[in-house]
Protein chains: 2
Amino acid sequence: MKKDSKPPSIDDVARLAGVSISTVSRVVNRNVPVSAEIVTRVESAMRELNYVPRQAARNLATRRTHTIGVLLSDMLGDFFQPLLTGIETVARASGFEILISLTGVVRPQDQRLRPFGLHNTDGLLIFAGSLTPAGIEQAHASGLPLVLIHQSPPTGLDVPCVTVENKAASRKIVEHLIVTHQRRRIVLLRGPADNEDAHWREMGYREALAAHNLELDPRLMGVGDFEREVARATIEKMLASDTSFDAVFTGDDEAAVGVMLALEARGVKVPEEISVVGFDDQRLAEILHPPLTTVRAPTEQVGQEAARQLIKLIRTGSADPLTLLPTELVFRRSCGCRV
Amino acid sequence: MKKDSKPPSIDDVARLAGVSISTVSRVVNRNVPVSAEIVTRVESAMRELNYVPRQAARNLATRRTHTIGVLLSDMLGDFFQPLLTGIETVARASGFEILISLTGVVRPQDQRLRPFGLHNTDGLLIFAGSLTPAGIEQAHASGLPLVLIHQSPPTGLDVPCVTVENKAASRKIVEHLIVTHQRRRIVLLRGPADNEDAHWREMGYREALAAHNLELDPRLMGVGDFEREVARATIEKMLASDTSFDAVFTGDDEAAVGVMLALEARGVKVPEEISVVGFDDQRLAEILHPPLTTVRAPTEQVGQEAARQLIKLIRTGSADPLTLLPTELVFRRSCGCRV
DNA sequence: AACGCTTCTGAAAGCGCTTTCAGAATACAC
DNA sequence: GTGTATTCTGAAAGCGCTTTCAGAAGCGTT
C-alpha cells in the first residue's frame, strides 16, 4: 500500500503535523500539557502515517525497558499456566511486558545469564531451580532487581522471595490421616533433594508424626521427586517388599498419579486399604480415581504476588523480603473422606 | 560493592582497554577480525567492569530486536506448556527471545495491538483466538512478520499458518467407533463456533458417518465448547432425554472429562455401554477412568514449527503458507479397546 | 505601557551501540 | 627501496526517542 520503505519515525509525524519532535513526543506520552489544537493535529498525523513509536528508542532514551524477565525451568508441568497467567495479569496492569526464558534443568556451567543480557529487562522473576545460587548472586551483584519464586535467596543476599506455606499444611494433612482416618504407617515420598517445597513438606510430615507419638520409620520414606514414574516405581517396590503401610503422603500431585497407578495395578483399594494425599491441587487432582485429597497451592496468586513485588522493587527500590501465601486443605475421596 | 552509580557502558570498556569503542563493539560481536592481543585486552576490561551490552542500544542501532512476540489467549489450558516449550526451544536456538502477551478472550475493541508496540518485536506468533481478523490485518499491513497458529489467515492475506491435521484423524477415530466397536449412534460435541479445529473435526465426523451410510442425526450433535462443564451439561441433558446413543466424540479431551463425569454420575459404564473418544491427547487423557482413546496433537512440535516459520519469515521474507502437522490415533480403553 | 507570571513549544544534547569510511600499519612482491 | 595488497583500527554519523533549557506568547497587574 504505502511506499513501505521504512516505517514512519517521530520526525515524519512532526513534519506532517508541522511541529517539533519534542511536541510529538509529548503528545505520545501525555506527560506535559500540549494545546488541544496541536494535539489533534499530531494525532491525526500519527493516524495517517500509522505511526508506532519504536520501543528500542524509548528504552534507550529512558533507560527503562518496562519489561520483566521470567526465568523458568521447563519442568513446571501444570504450574506453568497459572503462574504465568498471574504474572502477566499484574505485569500488564502496570504497563510491563514479560520476557520468558526457559532454562531447562539448570546446569551449573553456562550460567552466564546470557538470555537476558541483563539490561534487557528492568528486573527478573526467578523460579526455583532455574538458576544456580551463583547465577543469582551474579545477577544480584549487577544491581538487577530480582524476586525469587518458591526458593529462598542464597544466604546473605537480600532478595525478596514469594512462596507458599508448605510445612503447616503438610503437617495438617498428615494429621488428618492420623486423626480422622486412624492411619499409622504413613509413607512419605520425598521431593527432589534441593527443592525447598519438598524440604518443608517433609518437615511437616515429621512434625505430624512427632505430635502423635508415631515413630519415624525410615522404611516409609521413599523418593518421589515430584514425578509420576519415580513415585510409581517407589510404591511398587514398597508393595513388593514386606513393609506395610496404610497411607501415602505423595509430596505433590504429580507423584500422587504414579502412586494411584501403582496401587491400582496391584488391586489395592484407595482409600479403603490405603489413603493417598498429595500437594498442589493441580487440575488433575479432581479427576483422579478416587479424586485426590490434597493441599491447594495458590499458584496464580504466587505469580501475581511475585510480579507485584518485583514491580515494587523496581519502582521503589525495596520489596517485602518474604511473601508466604496461605495454602488450604482440599478434602476429596482419596483420604477416606466422603466415601 | 562498586561505585554502582551507572552500569558500565562501551565507552568505559574502551577507555580501560585503551581502544576505540568500535573495536570493543567488534570484540563483542566477533564479526570483524581483531588482533588477538587487543581481544584479550578488551575482554579482560569487560570482565573487570562486569560489562554487559545494553540491548536497547543495539536494538536501536541494528533495527532488530531478536525478539519474537507470542500472542496467546489465556484459555489454552494444557496447551500452554508444550506450545511455549516448543516455541522457546527453537527461538533460543536461533538467538531469539520471546515476549509473551496473554490477550484473554479477544474483545473486538481495543485491538490496537498495544502490548507490543509493534516494533517491539521482529515478528509475532498469533495463537487462534488471541487476535481478531481486523487485528491481524492491521498487524500485517504494518509489515510485521506474522505466523498464525491453529487458525488460517483472513481471506486475501498471505500469512503463514501452522496447525494440525484435524479432519482425517477425526474421521478415522469416528470410523474406529463404527467399524471396530459397532457403534451407530455417535454423539458429536461441537467445539466453539469460531474455532477452526472444531470445524474440521466436525467435518471429519460427518465424513465418517457418510462413508458408512449412517444418518446424521441433529439430536446427536451438541455443544461441548472444548469445556469440561459445558460438555458435562450437554451429556446430562441427553441422558435425561429419550435420545439414545452408544458413543461420544467429545471434540477435545477437556470436554471428554465432562462427558466421563456425567456418565459416571449416572452409573453408565464406559466403554461397555458408551464409548468415549477425545482429541488432543492432553496429559490428563491417560489418567482418566478409563484411559481416554484420543488423537494425539503434537503441540510442542506446533510451537517449534511456528517459531521456525516465523524466524524464516523474518530472515528471508518468506515462509511456508501452510504447515499441517500429522496427528495420530491413540487407542486406550474408553473406546472399548483393550478392555 | 511596562512588568511579571504562567503556559506552551522548539533546539539540542544525550541514551549506548553499530557500521561505514578512510587512514595507519604491516606484509609481500618486484 | 618502491608500490600495492592486506589487515586492523578509529572517527564519526547515525538509530529514534526523551528531556532539559530557554525562549515565545498570552494575560492579568499596577
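Reckoned from all heavy atoms, side chains included, excluding hydrogens, waters and symmetry mates. A, B, ... follow the sequence lines: proteins, then strands. Residue 1 opens every chain.
In summary, A/E43 and A/R47 do not engage in a salt bridge, as defined by a charged side-chain N under 4.0 Å from a carboxylate O.
Separating the CG atom of B/D11 from the P atom of C/dG14 is a distance of 12 Å, rounded to the nearest angstrom. Here the P atom of nucleotide C/dG16 and the OH atom of B/Y51 are 10 Å apart, to the nearest Å. For the pair A/R64 CZ and D/dG16 C1', the computed distance is 19 Å after rounding to whole Å. As rounded to whole Å, 10 Å separates atom P of D/dT20 from atom CG of A/N31. Atom pair B/I10:CD1 and C/dG16:P shows a separation of 11 Å (rounding to whole Å applied).
B/S35 comes within 4.0 angstrom of sugar-phosphate atoms only, judged by non-hydrogen atoms across all strands, and of no base. Residue contacts for B/N29: at a heavy-atom cut-off of 4.0 Å it reaches the sugar-phosphate backbone alone, with no base atom in range. Across all strands, B/V24 comes closer than 4.0 Å to no nucleic acid atom at all (heavy-atom distances). As judged by a 4.0 angstrom heavy-atom cut-off over every strand, A/S9 is placed among residues touching the sugar-phosphate backbone only. As judged by a 4.0 angstrom heavy-atom cut-off over every strand, A/I38 is placed among residues touching the sugar-phosphate backbone only. Using a 4.0 Å heavy-atom distance criterion, A/V28 is classed as making no nucleic acid contact.
Sorted by first and then second residue, the ring-ring contact (aromatic ring centres under 6.0 Å, His included) pairs with a member in residues 37-67 of chain B read B/H66-B/F96; sequence neighbours excluded. The salt bridge (Lys or Arg N to Asp or Glu O under 4.0 Å) contacts involving residues 59-68 of chain B comprise B/R64-B/D122, where partners must be two or more places apart or lie in separate chains.
Each of B/V32 and B/R63 was matched to the nucleotide of DNA chain D holding its nearest heavy atom; the match closer to the 5' end belongs to B/V32. Nucleotides of DNA chain C nearest to B/R26 and B/A57 differ in position, and the one nearer the 5' end is that of B/A57. Each of B/P33 and B/S22 was assigned the nucleotide of DNA chain D with the nearest heavy atom; the assignment lying further toward the 5' end belongs to B/P33.
Which of D/dG10, C/dT9, D/dC17 sits closest to the side chain of B/S20 comes down to D/dG10. Closest to the side chain of B/R54, from the set D/dG10, C/dG16, D/dT18, is C/dG16.
Using a 4.0 Å cut-off, some side-chain N or O of B/R58 falls inside it from OP1 or OP2 of C/dT18. In this model, the phosphate group of D/dT18 is approached by a side-chain N or O of A/S25 to a distance below 4.0 Å at OP1 or OP2. A close approach under 4.0 Å does occur between a side-chain nitrogen or oxygen of B/T23 and OP1 or OP2 of D/dG10. Between C/dT18 and B/T62, no contact under 4.0 Å exists linking OP1 or OP2 to a side-chain N or O.
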Worksheet item: For every nucleotide of nucleotides 22-27 of chain D, 5' to 3': is a protein heavy atom under 4.0 Å from its base (B), only from its sugar-phosphate (S), or from neither (-)?
Response: ------

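Evaluated for a side-chain contact (heavy atoms from CB on, under 4.5 Å) with B/I126, the options B/L72, B/V159, B/L146 yield exactly one hit, B/L146. Residue A/S25 is tested with A/V28, A/V27, A/T23, A/N29 for a side-chain contact (heavy atoms from CB on, under 4.5 Å); the sole match is A/N29.
The shortest distance between side-chain heavy atoms of A/T163 and A/V302 does not fall below 4.5 Å.
With 3.5 Å as the limit, one finds no donor-acceptor pair spanning the side chains of B/T89 and B/Q304. Using modelled atom types and a 3.5 Å distance limit, the side chains of B/S101 and A/R92 yield a donor-acceptor pair.
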